Amino acid sequence: MKKYIFLVLVMVLALFCGAVQAEEMDYHSDFSAGTDGWYARSGGGAALEVTEEGLLITGRNATWNSPGHAFDLVPQESYRISVEVKQDAIASGRFILSVEHEKDGKVSYENLVSDTLQKGKWVTLSAAWVAGDYDTFVLYVEGGEADTPFTIRNFTLQGAARQKGQAQERAPFQMPEGEEALKKLFDEMVWNKSHKKNGEYNPLYTQRFGADPGYLVWNNRLYVYTTNDLVEYGADGKVKENTYGQINKINCISSSDLVNWTDHGAIPVAGRSGILTWANNSWAPAAAHKVVDGKDRFFLYSCNSGNGVTVLVADDPAGPFRDPLGHGLITRSTPNCANVVWLFDPAVFVEEDGTGYLYFGGGVPKGQDAHPGTIRCVQLGDDMISIVGEPQVIDAPFVFEDSGMNRIGDTYYYSYCSNWNTTGNAYGMESGAIQYMTSENPLGPFTYGGQVFANQGKFFGLYGNNHHSIVEFKGVHYLLYHNRPVEKSMGITGNYRSPQMDVMDVNEDGSILVKKGTMQGTPQLHDFNPYEKVAAQTMYREAGIEVTGYGPDAVTVAESGDWMQLKNVDFHSGSSAFTLCAASQGGGAVRVMTGGFDGQVLCEFTVEAGDMREYTADTRNTEGVTDLYILFAGDVQAKWWQVTPVK
């Protein structure tokens, strides 16, 4: 009888599991509601546009410039795919339904089906296909000649759907006993996938989202502050469009080489548990330094949604921060601010004589696209937490949001994002793009100068609001902006943004321009020094890593399969030992390598369950400049690490 009951239970469980595995994906888009998560795979100016017929791609300069969509598919499962395609530019051309897949950082491609399209005729490309053993999948429609525009519609994908939380289950961590067991543990580990490609320096980080980058230069380091986008879910459990309503933290990272970034954590600015308990949100940060009463002070400005500008103060650029006012710095009751549509997006500028200035505002009143009149500028008090006089209007043509202020030589540059109704303007500006104006005075009057940077969608295919900062660091000017590569890598869509940076040209005539947004990003300014104490939150690339706390309390949190990479580490004095300050809840292990996952193992060691303490392991000697990888198993919380040179 017991055997019979057992068999019945097994059958029931098998049926249940089978039912779960049989959950179906049934994706269909006619693009009537928008791009629906599709983006333009572009090496230049390719862009997507929703038309009455479907999704049109234009601006192509290569046959592989094509509309693509990332799908969360299940390896070894069968799928049915179809799409209608039409082109009106050439007599005939071959078009392909293809898939890009990636495993362990290696990208490969597969053509599923192709057909010849005659001019003006809709053709259906359809295929039955089994997904291979890969980590990610992106489906594309490509072909024709290099510059052939074409339209797709009625894209359908049917097959197995990955369940939410269906990620690979890992066995409970067992502390390895002996060197062989430790080696076996790491050799058999399945490593998490990074959302950043090796060799590319954008985005700046991937462990959290981050938008609207602001900056501060201090002690030979560039600090970047970003809006901490949080993924929002609907009642059906699916990712929904970012409403920004849940954002109440500001991220802070810093670097001296612009490639290896230290994550100082997410500053809890607003909300019930935030520093500003009276504020609901914190968006669009801007930072400044000034000596006040003989002491270095650091000021972090952000906005409480669209209803005012707030300010925090600290003794260090990474915090901890405090509330110096107990209320907003700029509110609806501030003179000449009640009629500003969006009272947000602050920019701060400190002149050489220590005088500070604040710029803020945005929005377009109805019928005032060309001259919204919603930007304000004002001098800050000596304390940087008060204003002097009444905020004045900057008449920035076709402004939308996103103020910036810089001084280059003797010229003051006010920069901003244009609105979405610039068609036919006399300036030659594009919509949703970064523009600039110039003046001989930080409060104006300003004269329109030109366009700095097109909307990021022109370069990367995913359009959205454009928010920037211009920064001079070590004699070079850069543009900070946001893009959506991590969102794309995750296979979601909803305007969840990540920070990027590219070099900006400053021409002899005073014009400024970033010709193209890139994933390559900025070159590394110097090799990395492993012989100093390095914050464990410092990384070029990572997978699975989390950073908890902020400022001096920031801690790296890693679990089995997580890892981090540092770029171009200079072992000019060799290596004899590796020290990690770490703790663990249930026990963990660490492997330190150079060159990659198949590179040289420098050392391996275990981290006992317990509080934070130092672990030192002897290493194989390594010399020269190479990448350093730190791999984790179990659970490990880390504060810092350091390499001991050969004596």
Side-chain angles (χ1 to χ4, degrees), residues 25-31 35-51 53-103 106-159 197 457 459-462 488-489 491 493 519:
M25 170 187 290
D26 190 1
Y27 171 91
H28 176 266
S29 183
D30 60 5
F31 306 105
T35 59
D36 200 15
W38 287 74
Y39 64 91
R41 179 171 61 167
S42 173
L48 298 181
E49 177 185 353
V50 176
T51 69
E53 288 192 314
L55 188 64
L56 171 68
I57 182 166
T58 59
R60 305 170 71 218
N61 56 28
T63 57
W64 56 267
N65 292 162
S66 54
H69 191 298
F71 290 96
D72 196 10
L73 307 183
V74 182
Q76 310 306 326
E77 292 287 349
S78 298
Y79 293 90
R80 298 174 299 280
I81 313 167
S82 68
V83 60
E84 296 177 35
V85 190
K86 188 181 81 163
Q87 60 85 17
D88 296 307
I90 56 178
S92 66
R94 179 172 174 264
F95 284 77
I96 306 167
L97 175 62
S98 64
V99 60
E100 171 191 293
H101 23 56
E102 180 178 342
K103 186 174 182 63
K106 296 181 180 179
V107 178
S108 54
Y109 298 89
E110 183 179 353
N111 290 342
L112 304 184
V113 65
S114 66
D115 203 344
T116 299
L117 272 67
Q118 304 298 323
K119 184 176 181 179
K121 302 290 185 181
W122 286 101
V123 171
T124 299
L125 301 178
S126 61
W129 169 69
V130 176
D133 185 18
Y134 298 99
D135 299 324
T136 64
F137 302 88
V138 183
L139 291 169
Y140 294 106
V141 182
E142 55 188 313
E145 295 180 358
D147 58 352
T148 305
F150 64 92
T151 300
I152 64 172
R153 71 181 183 189
N154 293 330
F155 189 98
T156 300
L157 173 63
Q158 296 174 314
K197 293 182 179 179
F459 310 112
F460 308 111
L462 294 172
K488 172 187 171 185
S489 177
T493 182
M519 296 309 300

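Please read all numbers here as calculations on a predicted model, not as lab measurements.
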Please answer whether the main-chain N or O of [Y] pairs with a side-chain N or O of [X] as donor and acceptor at a distance below 3.5 Å.
{"X": "R153", "Y": "E84", "answer": "no"}
{"X": "Q87", "Y": "L117", "answer": "yes"}
{"X": "H101", "Y": "F137", "answer": "no"}
{"X": "R60", "Y": "E145", "answer": "yes"}
{"X": "Y27", "Y": "F155", "answer": "no"}

Return the [atom1] to [atom2] distance between [X] and [Y], rounded to the nearest 0.5 Å.
{"X": "L55", "Y": "E49", "atom1": "CG", "atom2": "CD", "value": "9.5 Å"}
{"X": "S66", "Y": "L48", "atom1": "OG", "atom2": "CG", "value": "9.5 Å"}
{"X": "D135", "Y": "D72", "atom1": "CG", "atom2": "CG", "value": "11.0 Å"}
{"X": "H28", "Y": "L157", "atom1": "NE2", "atom2": "CG", "value": "11.5 Å"}
{"X": "R80", "Y": "T156", "atom1": "CZ", "atom2": "OG1", "value": "10.5 Å"}
{"X": "T124", "Y": "L97", "atom1": "OG1", "atom2": "CG", "value": "11.5 Å"}

On a heavy-atom basis, which atom in [X] and which in [Y] lie closest, and how many Å separate them?
{"X": "P67", "Y": "F150", "answer": "CD-CZ, 3.6 Å"}
{"X": "F95", "Y": "V85", "answer": "CD2-CG1, 4.2 Å"}
{"X": "Y134", "Y": "S108", "answer": "CE2-OG, 3.6 Å"}
{"X": "D88", "Y": "G120", "answer": "OD1-CA, 3.1 Å"}
{"X": "A70", "Y": "G491", "answer": "CB-CA, 3.9 Å"}
{"X": "S92", "Y": "Q118", "answer": "CB-OE1, 3.5 Å"}

Close side-chain approach of [X] and [Y], heavy atoms under 4.5 Å:
{"X": "K197", "Y": "M519", "result": "no"}
{"X": "Y109", "Y": "N111", "result": "no"}
{"X": "H69", "Y": "L139", "result": "no"}
{"X": "T51", "Y": "F31", "result": "no"}
{"X": "Y79", "Y": "V74", "result": "yes"}
{"X": "I152", "Y": "W38", "result": "yes"}

* To do: Would you mind listing every salt bridge (Lys or Arg N to Asp or Glu O under 4.0 Å) that reaches into residues 109-120, with sequence neighbours excluded?
  =>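 For residues 109-120: none.
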* Looking at V113, L125, L112, which one forms a side-chain contact (heavy atoms from CB on, under 4.5 Å) with I81? ->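 Going through the options one by one, the only one that passes is L112.
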* **From CA spacing to verdict: side-chain contact (heavy atoms from CB on, under 4.5 Å), E142, I96** => CA-CA 5 Å; E142 55 188 313; I96 306 167; 4.1 Å; yes
